[in-house]
Amino acid sequence: MEQTQKPESVSELFGKVQLQLKQTLQSQDPHSAQQALGLAEKAMARIEGLILADPAVTHDDLRCVVEFTRGKLWNEARRHLSILAQSRQVRVA
């Protein structure tokens, strides 16, 4: 019997994004960090889709999404993954 999942709200997805980004920052393994960042990106894509599909969306809503995806937490997570990947290459070489 197939269960139907209730659609996730933007706030639930936002919580998932933040959790995955924090897991990326806490990881010392490049593979785990890459996986967590990928999950954050997928959840963020769902958020963007929900917001863009909303006929009541405002310019401020869109601005907030763009500011978040270009904000400190995302930048730190990407930078951390990059450092982990570089240190892994140095150790292997």
Side-chain angles (χ1 to χ4, degrees):
M1 186 160 131
E2 188 176 318
Q3 289 183 326
T4 56
Q5 290 182 319
K6 90 171 181 140
E8 294 173 298
S9 70
V10 170
S11 61
E12 290 170 330
L13 288 167
F14 182 72
K16 285 185 177 184
V17 169
Q18 288 184 310
L19 177 67
Q20 293 302 323
L21 291 175
K22 288 175 184 175
Q23 287 181 351
T24 301
L25 288 168
Q26 294 170 351
S27 178
Q28 295 305 310
D29 174 53
H31 177 71
S32 296
Q34 174 77 42
Q35 195 171 30
L37 187 60
L39 291 171
E41 289 170 343
K42 285 181 183 179
M44 194 67 220
R46 289 198 309 260
I47 289 171
E48 291 166 351
L50 289 171
I51 288 175
L52 291 173
D54 184 350
V57 73
T58 66
H59 289 288
D60 283 339
D61 296 329
L62 296 174
R63 181 186 49 77
C64 288
V65 169
V66 171
E67 285 178 358
F68 176 66
T69 59
R70 295 182 182 176
K72 183 179 178 182
L73 188 57
W74 278 97
N75 288 332
E76 287 176 355
R78 289 180 183 119
R79 186 176 18 251
H80 181 70
L81 176 58
S82 176
I83 289 167
L84 288 176
Q86 288 174 0
S87 68
R88 177 94 176 207
Q89 289 174 354
V90 171
R91 285 188 208 139
V92 173

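Minimum heavy-atom separation, A40 to V17: O-CG2, 3.7 Å. Considering every non-hydrogen atom in both E8 and E12, the closest pair reads CA-OE1, 3.2 Å. Nearest approach of T69 to E48, heavy atoms of both residues: CG2-OE2, 3.9 Å. P30 approaches Q28 most closely through the heavy-atom pair CD-O, 3.9 Å. Of all non-hydrogen atoms in W74 and F68, the two that sit nearest each other are CD1-O, 2.9 Å. Minimum heavy-atom separation, L73 to L25: CD1-CD1, 3.7 Å.
Here CD of Q23 is found 7.0 Å from CD of Q26. Values are rounded to the nearest 0.5 Å. For the atom pair CG of L39 and NZ of K42, the computed distance is 6.5 Å after rounding to the nearest 0.5 Å. In this structure, CG on L37 lies 12.5 Å from OG on S32, to the nearest 0.5 angstrom. Here Q86 contributes atom CD and L81 contributes atom CG; the two are 10.0 Å apart, rounded to the nearest 0.5 Å. Between the CD atom in Q34 and the OG atom in S82 there is a gap of 11.0 Å [rounded to 0.5 Å].
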Next on the checklist: What verdict does the side-chain contact (heavy atoms from CB on, under 4.5 Å) test give for V10 and D54, after you've listed the backbone C-alpha separation in whole Å, the side-chain angles of each residue and the deciding distance to 0.1 Å?
Outcome noted: CA-CA 11 Å; V10 170; D54 184 350; over 6 Å; no
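Looking only at distances, no side-chain donor or acceptor of S27 sits under 3.5 Å from a matching main-chain atom of T24. For D61 (side chain) and T58 (main-chain N/O), a donor-acceptor pair under 3.5 Å exists by modelled atom type.
When side chains are defined from C-beta on, M44 counts as touching V65, because their heavy atoms get closer than 4.5 Å. A heavy-atom distance below 4.5 Å is not found between the side chains of V57 and L52. Proximity of R78 to N75: side-chain heavy atoms (C-beta onward) are separated by under 4.5 Å at one or more points.
Shown here is R70, whose CZ atom has no more than 12 heavy atoms of other residues, nucleotides or ligands within 6.0 Å.
Neither I83 nor L21 shares a network with the other; the hydrophobic side chains, linked directly or stepwise wherever heavy atoms of I, L, V, M, F, W or Y lie under 4.5 Å apart, form separate groups for each.
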